[in-house]
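First comes the structure, then the notes that go with it.
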Number of protein chains: 2
Amino acid sequence: MNLKSPGDRTSRPLTDYPRPSVAVDTALLTLDADHRLVVLQVRRNSGRGWALPGTFLHKGERLADAVNRSLQTKANVRGLRPHQLQVFDDPARDDRGWVLSVAHIEVVRADQLASRFTETTRLMPVEQPGRLPYDHADIIVQAVEHIRARYADDPDPDRLLGEEFTLRELRLAHEAVIGESLQRDSFRRAMEPKLVATGATTTGGRGRPAELFRRADG
Amino acid sequence: MNLKSPGDRTSRPLTDYPRPSVAVDTALLTLDADHRLVVLQVRRNSGRGWALPGTFLHKGERLADAVNRSLQTKANVRGLRPHQLQVFDDPARDDRGWVLSVAHIEVVRADQLASRFTETTRLMPVEQPGRLPYDHADIIVQAVEHIRARYADDPDPDRLLGEEFTLRELRLAHEAVIGESLQRDSFRRAMEPKLVATGATTTGGRGRPAELFRRADG
DNA sequence: TAAATAGTGTCTCTCAGACACTATGTC
DNA sequence: GACATAGTGTCTGAGAGACACTATTTA
């Protein structure tokens, strides 16, 4: 074998090297109306059942662009900032041939899913995602681990909420993400240093109006 | 465009989809004799300078196998458990063509590098890795972040040390990884619950002999 | 008024950080 | 003995968890 490494610039044409197909699959997470962390699934084109949205990488395309294209095409959803989770590289994982799949996570506000296809998409709780093909169940598990780590210390870093929110809304979002309830007062004291008050308050709610906050970073 | 998603089983042949070349590049980390965290580099085959070891993925090969093959071939080092860091997917990152590179980290004991090629490999401190091509400087930064997170709570999870070690050896290894010095007593109290004493002690050292410990997990 | 939610005071427990002491080896 | 390193007791300050209290709104 005389293959040169990618770190070496040789005149050997790249077409000499074997090339796998490359796909992307995405766990798109959001919160539903009941403050549950849910994952977007799309109806499979052929055969029954549901799967995570995915697509093959086009020539010269970035992975993140392929992710957003698959979300647009399959679910009519505009994504924003997908993050890579892991490459699934088992040569036998797809019986049609040699396909690498790059799993991604994307997190969006619920209202960004308002336009989604109602017939061919569904939102399922991450803990009971239903039956899924390939490595899609693993991808969801990894996505949940990923977002839980991110939500451990910082206020809604992935913007499940808008730019302004009450501490109650923030806490409910964090409880949905990490899957357990949080102490109201401890949570406030932990988050308040990383927030800035807007001065405005809620109105029309049932109890005492709450202050509105913004993330301190911006 | 009528490309089917990877989640759909169609009869369309996979050869219809564009295929990038896929490479792996590895930041292999270890500790040198001065208890510094260092990264393995190999002399580039063509042109001057040094790079992280890498190779193109062979047909049907797993990414981890490609990583270990590149370490064996380029540095005469047997790796063990590479972990993925990130896919670099800029279509213009390699001017020879469309090449995706999957960055990896591998962590080994110093004695596993005893057999390495002395002329064509070198070990450089992770903080001053020298001039490197492509995204290799980024890969080192990511590898260091990765291993620092892993060493925050657990005793030498990546086995930079052997199976038995003193708390001094463990602390020096952790200091090298995280890049700052640690409190001797606090470190002991944090780690001891995650260790089991072997009953044996060191001998021949300069001060009081130290107890030998093993990781509690196994 | 009651009910609901927001915000805060305060106690306790744990733990990291720091310092100092004791213990046990080599030279 | 001096010196070096291992191991531990203990004080302090910060912060999480828990509870209870006050504050401000709607119905």
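Hydrogens, waters and symmetry mates are skipped; everything else that's a heavy atom, side chains included, is used. Proteins come first, then strands; the chains are lettered A, B, ... in the order of their sequence lines, and each starts at number 1. If you're wondering where the values come from, they're calculated on a predicted model, not measured in any experiment.
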Residues forming a ring pair (Phe, Tyr, Trp, His ring centres under 6.0 Å) with A:Phe187, sequence neighbours excluded: A:His174
Sugar-phosphate, base or nothing in reach of B:Gly205, heavy atoms under 4.0 Å: sugar-phosphate
Ring pair (Phe, Tyr, Trp, His ring centres under 6.0 Å) contacts touching residues 64-85 of chain A (sequence neighbours left out): none
Where protein sits on nucleotides 2-14 of chain C, one letter per nucleotide: B base, S sugar-phosphate only, - none, heavy atoms under 4.0 Å: --BBBBBBB----
Non-neighbouring partners of A:Asp111 that pass salt bridge (charged side-chain N to carboxylate O under 4.0 Å, His left out), sequence neighbours left out: A:Arg109
d(CD, A:Glu180; C1', D:dA16) in whole Å: 14 Å
Atom-pair distance (CG on B:Leu172; P on D:dT5), nearest Å: 11 Å
side-chain hydrogen bond (donor to acceptor under 3.5 Å, both in side chains) partners of A:Glu106, counting only residues at least two apart: none
Pairs satisfying side-chain hydrogen bond (donor to acceptor under 3.5 Å, both in side chains), at least one member in residues 195-213 of chain A, at least two apart: none
Phosphate-side-chain proximity, B:Gln183 and C:dA18, N/O vs OP1/OP2 below 4.0 Å: yes
Side chain to side chain contact (heavy atoms under 4.5 Å, CB included) partner of B:His146, chosen from B:Arg150, B:Arg148, B:Gln142: B:Arg150
Rounded distance (Å) that lies between atom P of D:dA16 and atom CG of A:Asp153: 10 Å
